[in-house]
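What follows is a set of notes on a single structure, which appears directly below.
Reckoned from all heavy atoms, side chains included, excluding hydrogens, waters and symmetry mates. In what follows, every chain begins at residue 1, and chains take the letters A, B, ... in the order their sequences are listed.
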There are 2 protein chains.
Amino acid sequence: MAQQLTRNQSLVLDALTHAEGPLSAYTILDKLRDHGFRAPLQVYRALDKLLEFGMIHRLESMNSFVACSHPDHHHHDHGVTAFAICEDCGQVTEMHDAGIEERLSVLAGREHFKTEKTTIEIRGHCQNCTSG
Amino acid sequence: MAQQLTRNQSLVLDALTHAEGPLSAYTILDKLRDHGFRAPLQVYRALDKLLEFGMIHRLESMNSFVACSHPDHHHHDHGVTAFAICEDCGQVTEMHDAGIEERLSVLAGREHFKTEKTTIEIRGHCQNCTSG
DNA sequence: ATCAATTGCGTTATGCTATAACGTGTGGCA
DNA sequence: TGCCACACGTTATAGCATAACGCAATTGAT
């Protein structure tokens, strides 16, 4: 069941998995130069596939990428994802909530809008950075 | 009460108000060349102010901007905004829903996360483009 | 009135993000 | 064997955003 990844895809996924927070494509490129990466497209192509497989997420509000925090059940098993992004430490928390999905579904339905992909990103400050 | 805009800010706001859909900063620049605009910063500086005034919104998922559809009550009077973005015709619908705000508030609270700004963008197909 | 602080403006240069377009190599398979 | 699909590598280019500089106009306190 687990998707068989190519070498480039594995390298990019590893970089994201081991990172503290989200990484931009060019940051990934720099991290992988020692492994033979030389051009942005090598990263973007791998990212596209990993997104397709549901193994990583793209954070639209900061043009960067994170490994999915539910590595067990890939493939878009989980519905809408909301991200809490700390502007101080960069930490990203992945959240799921049926209530939100329900409300979004109602909103879209009211407009007769056919949803393909939903982005929810909350910018703010995480517990650690607030308590200090 | 209405914010007094500078010439550049007015021009940018007009461009967005009269546009069919969202515009990128560089598209705005091109539209305003006849009015003396020559550099991206002229656009970005105006956009920053208009965002600050709550007169326009930034669509993170497409790096572009739209005029707020509630021009009456500026200044962030309305809470969280969700955008339905049609991938066929580019039309953007602005939506508000207390239920979503409530759920997001609960989610954030559960993580002890202090929310500064929330982005909700739904990509898909609008009624017109679906029915055809 | 004047000085200082703020704000907007214009320009040049630069950096970051993403994709187009081309060709190569490999593995599966009729 | 010939075809197809796919991943890959490379070069070039397009699209998005900001840094850093200096000037001009405004405000507002003294």
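- Rounded to an integer number of Å, the gap from CG of B:Leu32 to C1' of C:dG10 is 15 Å.
- B:Tyr26 places its OH atom 14 Å from the P atom of C:dT17, with the value rounded to the nearest Å.
- For A:Glu60 and C:dA18, the CD to P distance is 9 Å, given to the nearest whole Å.
- Taking a cutoff of 4.0 Å between a charged side-chain nitrogen and a carboxylate oxygen, B:Asp30 and B:Arg33 qualify as a salt bridge.
- Atom CG in B:Leu41 sits roughly 16 Å away from atom P in C:dC16 (whole-Å rounding).
- The hydrophobic cluster around B:Val92 extends to B:Leu59, B:Met62, B:Val66, B:Phe83, B:Ile85, counting ILVMFWY residues whose side-chain heavy atoms fall within less than 4.5 Å of a member.
- No side-chain N or O of A:Arg123 forms a donor-acceptor pair with one of B:Thr119 less than 3.5 Å apart.
- Ion pair B:Arg103/B:Glu101 not flagged as a salt bridge, since none of the NZ, NE, NH1 or NH2 atoms sits closer than 4.0 Å to an Asp/Glu carboxylate oxygen.
- Note that the first and last nucleotides of DNA chain D, 5' to 3', having any atom under 4.0 angstrom from a heavy atom of chain B are D:dC16 to D:dA20.
- At the phosphate of C:dA18, neither OP1 nor OP2 sits under 4.0 Å from any side-chain N or O atom of B:Asn63.
- Inspection of the B:His70 and B:Glu94 side chains reveals an N or O donor paired with an N or O acceptor under 3.5 Å.
- Rounded to an integer number of Å, the gap from A:Arg45 CZ to C:dT19 C1' is 10 Å.
- The separation between B:Leu47 atom CG and C:dG8 atom C1' is 15 Å, rounded to whole Å.
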